[in-house]
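Below is one structure, written out as structure tokens, with a few remarks after it.
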Amino acid sequence: MNQEEAQKKIEELRKAINYHNYRYYVLDSPEISDAEYDRLFDQLVELESKFPHLITPDSPTQRVGAPPLEKFGTVRHSLHMLSLGKALTEEEFLDFHRRVKEIGGVSDGQIEYVVEPKFDGLAVELIYRQGVYVLGSTRGDGFVGEDVTLNLKTIKSIPLRLLSEDIPSLIEVRGEVIMNRSDFEALNRRREEEGEPLFANPRNAAAGSVRQLDSKVTASRPLNMFAYGVGLMEGKSLRTHYQVMEYLKELGFRVNEYTKLLRTTSDVVQYYHQMLELREKLDYDMDGIVIKVNDFSLQRKLGELQRSPRWAVAWKFPAQQKTTQVKDIIVNVGRTGALTPVALLEPVEVGGVTVSRATLHNEDELKKKDVRIGDTVIVQRAGDVIPEVVAVVKSQRTGREREFVMPDHCPICGAKAVRLEGEAVTRCTGISCPAQLKENIFHFASKAGMDIDGLGYKIIEQLVDKGLISDPADLYFLTKGDMLKLERMGDKLAQNILDAIARSRRPPLSKLIFSLGIRNVGEHMASVLAHEFGSIDNIRRASRERLEEVREIGPVVAESIYAFFQDPKNVEVLDKLKKGGVTFGEERRVLHTPLEGKTFVLTGGLSSMTRAQAKERIEMLGGRVSSSVSRKTDFVVVGENPGSKLEEARKLGVRTIDEEEFKTMLSNYE
Ligand code: IVH
């Protein structure tokens, strides 16, 4: 096939794939089988890999996720993304209607409202120029949001190219990214198995997935978007909100099926009650309905208040509550040794999510609510919070309920548990409490800490229980033999984890500080310390007074940092970390740099590391990574589905190496 034929075929395939994608993800009514779809997709992948220079950013193959970012850029919205005024009762909705009439100078029969669900997710804006998706951002504070272009690109119900023939030269589409409840539960089940922290609700899961620096993570999450409005639009003019919604559908967006045009307030009231009933049956969360004046000229006349328009209102649903039984009250031991009482519940569906445990926060909370084992309680799931026990149904008490007593010993290690005066929490005092230890190591290895990929809670738990590690530093002395002692641990997984541990030996200083779990030192404080002191040893030598000289450090924080470095047990762990090869300062380059002066170009995807990790490892060894191939390039690392750089390299006679060779090269020097 020559280039011209390939180009034609590629375009045909893209068009077909986009269309079937739309049938499947937007209309929910596919015309072809999954196998047929896969066949089309595979054909496109194959053609694009033969003609890599024909790959365009809007090709359906480009939804897979791009290399991780260091941080998000910011986007200033051309039109302020407003929020909505609230109504909690029918009265308040009617007040809104009255204001529309008064300020708009219209009477009852003249107002049309568009009603739609109020989705509980993350608000985003997508910009299309000449029909092509070019920029995606979060709402942020309404004026400035984060640039999440690459992440949103992985969501299949977002078109990369607008479908209709009648495309505007510019359109800013606004909507909500959500995660279906069934997908949320499946995701959490998987995370639980892997020992990863759970998401509290679908909204947090959706927001957390969009705000990922690594878009491959976003690509792996089941997300959806409902379009509910536009910002700027050029090259097309419409008169009403309802027309906009119809137009968005035509362009290939998913518009919610319960979007309706209504003419009277009693219709709106009826719609509210219908949706309230539907709420539990739908697979996505909504926390109310949104009522918008349909006519744009009336919208303009009504104008805006500070942050919300006078032409729209969110009529919220009440928080969802259910009654259930407390089967038991257990105590959870956290990283700082805090003992948290947790109610184990007879599982109930609250707003579509199964709730089987609820935090009781601390002893005082528990006493105030007087929750007893065997009690019938009201549990609540309100929009964005973790399920909680609202109150006990005292009329249902039988007298057989048992009062819970906060233990005076740690349920895990048996050490004394104490509650200091003036504090609400009871803490375990055991210095080698395995519960604290596991939480500590989990924190140490977390993404914001040493970022040891694949070292989840389940694995840490086994390592501790089998006595293979008794502090975070022990991780750096683990052998393959140790790893293979764990259940369900194969050679490959063991090697991957050991590789990840090895890679974490040269952390950015701020991450190392954060990972130590010093009381009152979060991510921000850790970077302040890194910036100010430049190495662990300098912080270790600092007096309380010296610490307090730092602008953002007050006496409490200074004391906890100082105390941490005075504790002989911590000093021992720090020394062991050093022995294990962990670097303690910002000087991240090794002295003899074997790749000094060598230039690398990366093309295609690597299976064992991201592009950013590859770059980091090359640079750590003194090499340089360049984005284009020239005669000066020493090596082109060729991953899967390489781009045109491979051809370039061949043309210029530059040496190419595959992933295996590349890894061997790195491990020879690391
Ligand atoms: S319209 C003035 N429509 O609610 C127009 N917003 O409080 C404001 N939201 O951050 C947006 N469902 O995330 C609109 N059908 C809907 C919505 C909706 C959910 C969210 C949106 C925004 C917040 C505004």
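Indexing begins at 1, ligand by ligand and atom by atom, following the structure's order.
A cation-pi contact, defined as under 6.0 Å to the ring centre and within 45° of the axis, is absent between K260 and Y271.
Considering every non-hydrogen atom in both P318 and Y272, the closest pair reads CD-OH, 3.7 Å.
Going from atom NZ of K118 over to atom CG of D285 covers 11.5 Å, rounded to the nearest 0.5 Å. Separating the OG1 atom in T218 from the NZ atom in K153 is a distance of 13.0 Å, to the nearest 0.5 Å.
Few gaps surround NZ on K101; more than 12 heavy atoms of other groups in view lie less than 6.0 Å from it.
E102 has no carboxylate O lying under 4.0 Å from a charged side-chain N of R99, or vice versa, which leaves the two without a salt bridge.
Annotation: ligand 1 has protein neighbours L82, S83, L84, E116, P117, K118, F119, A123, R139, E176, Y228, V290, K292, P309, W311, each with a heavy atom less than 4.0 angstrom from the ligand.
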